[in-house]
Amino acid sequence: MTGNQEEDDICRAIFPLVHAGMSAYQQQATMDQLDAGEAYEALTWLLAFAVHDHVSLPNDLAIQAFSMLDVDDRDQYRSILDTATQLSLPRASGGDPIGGTIARHSFWSSPRERG
């Protein structure tokens with residue numbers, strides 16, 4: 001799966017969560033960006049609405065979306081991680097979530113940086 005397809009999939013997952021705060025024109029413009037293959041632009045647009053409207057994205061979706069951002073864009077959208085809803089993770093016998101914890105600021109490079 002290409003980075004652009006991953007971005008498109010994330011956008012289509014975020015859209016239903018933020019579209020209520022968008023005008024019909026903004027909704028259509030976002031879908032037009034996706035249809036034109038401009039998923040990164042749509043992603044930043046959707047995240048801007050999520051930040052502006054204080055929309056809580058599911059934690060896994062917020063992390064995926066944030067990891068797709070170029071490093072230069074991350075500070076602008078960092079609050080999506082602060083407002084993300086926590087997922088119920090299965091617990092190991094010691095009480096720690098299975099798989100450990102993802103450090104908030106240790107995100108991998110974006111798909112654009114990986115080439």
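Atom set for the values below is all heavy atoms of this structure, side chains included, hydrogens, waters and symmetry mates excluded.
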Quiz item: CD/Gln76 to CG/Leu47 distance, rounded to the nearest 0.5 angstrom?
Solution: 9.5 Å

Self-check item: Closest contact, heavy atoms only, Leu61 versus Ala13
Solution: CD1-CB, 3.8 Å

Quiz item: Quick one: are Tyr77 and Leu43 in side-chain contact, heavy atoms under 4.5 Å?
Solution: no

Quiz prompt | Gap between atom OG1 of Thr30 and atom CD of Glu41 - 0.5 Å precision | solution = 11.5 Å

Quiz item: Less than 4.5 Å apart, any side-chain heavy atom of Glu6 and any of Ile10?
Solution: no

Practice problem: Would you indicate whether the side-chain heavy atoms of Ile14 and Phe49 approach each other to under 4.5 Å? | Solution: no

Quiz item: Looking at residues at least two apart in the chain, or sitting in another chain, which of them share a side chain to side chain donor-acceptor pair (under 3.5 Å) with Gln27?
Solution: none

Self-check item: Nearest-0.5 Å distance that lies between atom NE2 in His19 and atom CG in Leu46
Solution: 11.5 Å

Exercise. Give the minimum heavy-atom separation between Trp45 and Gln26, together with the two atoms involved.
Key: CZ2-CG, 3.9 Å

Self-check item: Partners passing salt bridge (Lys or Arg N to Asp or Glu O under 4.0 Å) against Asp32 (at least two apart in sequence or in another chain)
Solution: none

Exercise. Salt-bridge test for Asp75 and Arg78: reply yes if a basic N is under 4.0 Å from a carboxylate O, no otherwise.
Key: yes

Exercise. Could you walk me through whether Tyr40 and Asp73 pass the side-chain contact (heavy atoms from CB on, under 4.5 Å) test, one step at a time?
Key: CA-CA 11 Å; Tyr40 189 82; Asp73 292 334; 2.5 Å; yes

Quiz prompt | Non-hydrogen atoms of Gln33 and Ala42 that approach each other most closely | solution = OE1-CA, 3.2 Å

Quiz item: In Å, rounded to the nearest 0.5 Å, how long is the span from CG of Leu17 to CG of Asp53?
Solution: 12.0 Å

Self-check item: Distance, nearest 0.5 Å, that separates CD of Gln28 from CE of Met22
Solution: 10.0 Å

Quiz item: Which distance, rounded to the nearest 0.5 Å, do you find between the SG of Cys11 and the CE of Met68?
Solution: 8.5 Å

Quiz item: Are any of the side-chain heavy atoms of Met31 and Arg12 separated by less than 4.5 Å?
Solution: yes

Self-check item: Distance-only polar pair, side chains of Asp60 and Gln64, donor-acceptor under 3.5 Å
Solution: no

